[in-house]
Amino acid sequence: MKNGIIVDPLDNVGVAIENIKKGEDIVYLDEAQKTIRLKAADNIPIYHKFATCDINMNAPIVKYAQHIGLAAIAISQGQHVHVHNVKSVRENLG
């Protein structure tokens with residue numbers, strides 16, 4: 001049973017579609033509809049993000065194929081991705 005989704009194949013984060021406890025499997029489908037399983041490294045509240053791969057410090061966090069911030073620290077696969085480990089980046093839109 002799926003408990004996570006990934007929106008775009010370029011994303012390095014998925015979204016929990018139910019509360020996931022540390023140590024539980026996160027299950028979602030990739031772009032080829034292949035079932036992906038990984039271990040939750042943290043408790044992940046519903047609708048929060050989890051890392052689908054290891055993300056280096058200062059690497060972009062990608063959701064909806066868009067950069068939504070930078071990793072403030074190294075983030076491991078299966079970790080909760082939120083304000084505690086992501087820093088926002090203002091774009092110069094002018």
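Any value given below was found using the heavy atoms of this structure, including those in side chains, with hydrogens, waters and symmetry copies removed. None of the values given here were measured: they were computed from a predicted structure.
Classification of the His82-His84 ring pair by plane angle, with boundaries at 30° and 60°, yields tilted.
Pairing each heavy atom of Ala51 with each of Ser76, the nearest pair is CB-O, 3.5 Å. For the pair His80 and Asn85, the tightest heavy-atom approach, listed with the atom from each and the gap, is O-ND2, 2.8 Å. Across all non-hydrogen atoms, the minimal contact from Pro9 to Glu31 is CG-CB, 3.7 Å. Closest heavy-atom contact between Gln79 and Ala41: CG-CB, 3.7 Å. Thr35 approaches Val27 most closely through the heavy-atom pair CG2-CG1, 3.6 Å. Closest non-hydrogen pair, Ile17 versus Lys2, comes out as CD1-O, 3.9 Å.
A heavy-atom distance below 4.5 Å is not found between the side chains of Gln77 and Thr52. Between Ile6 and Tyr28 there is a side-chain heavy-atom pair separated by less than 4.5 Å. Leu10 has its side chain out of reach of Gln66: every pair of non-hydrogen atoms, C-beta onward, lies at least 4.5 Å apart. Between Val62 and Val13 the shortest side-chain heavy-atom distance does not fall below 4.5 Å.
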Exercise for the section: Would you please test Ile20 and Asn43 for side-chain contact (heavy atoms from CB on, under 4.5 Å) and show each step? Expected result: CA-CA 6 Å; Ile20 302 171; Asn43 292 327; over 6 Å; no

Handout entry: Step-by-step side-chain contact (heavy atoms from CB on, under 4.5 Å) determination, Val7 to Tyr64
Key = CA-CA 6 Å; Val7 177; Tyr64 307 117; 3.4 Å; yes

Exercise for the section: Show the numbers, then the answer: is there a side-chain contact (heavy atoms from CB on, under 4.5 Å) between Ile26 and Ile44? Expected result: CA-CA 10 Å; Ile26 300 171; Ile44 304 168; 3.7 Å; yes

Practice task
Under the side-chain contact (heavy atoms from CB on, under 4.5 Å) rule, what do Val15 and Lys63 come out as? Steps first, then yes or no, please.
Solution key: CA-CA 9 Å; Val15 177; Lys63 183 179 178 186; 3.7 Å; yes

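Taking NZ of Lys21 as the start and CG of Asn3 as the end, the distance is 13.0 Å to the nearest 0.5 Å. To the nearest 0.5 Å, atom CG of residue Asp25 and atom CD1 of residue Ile36 are 12.0 Å apart.
Note on Leu38: it does not cluster hydrophobically with Ile55, by side-chain heavy-atom contacts below 4.5 Å among ILVMFWY residues.
The existence of a salt bridge linking Lys22 and Asp42 is excluded, since no basic side-chain nitrogen approaches an acidic carboxylate oxygen closer than 4.0 Å.
With Asp11 contributing its side chain and Ile61 its backbone, the two residues share no donor-acceptor pair below 3.5 Å. For Asn56 (side chain) and Ala74 (main-chain N/O), no donor-acceptor pair under 3.5 Å exists by modelled atom type.
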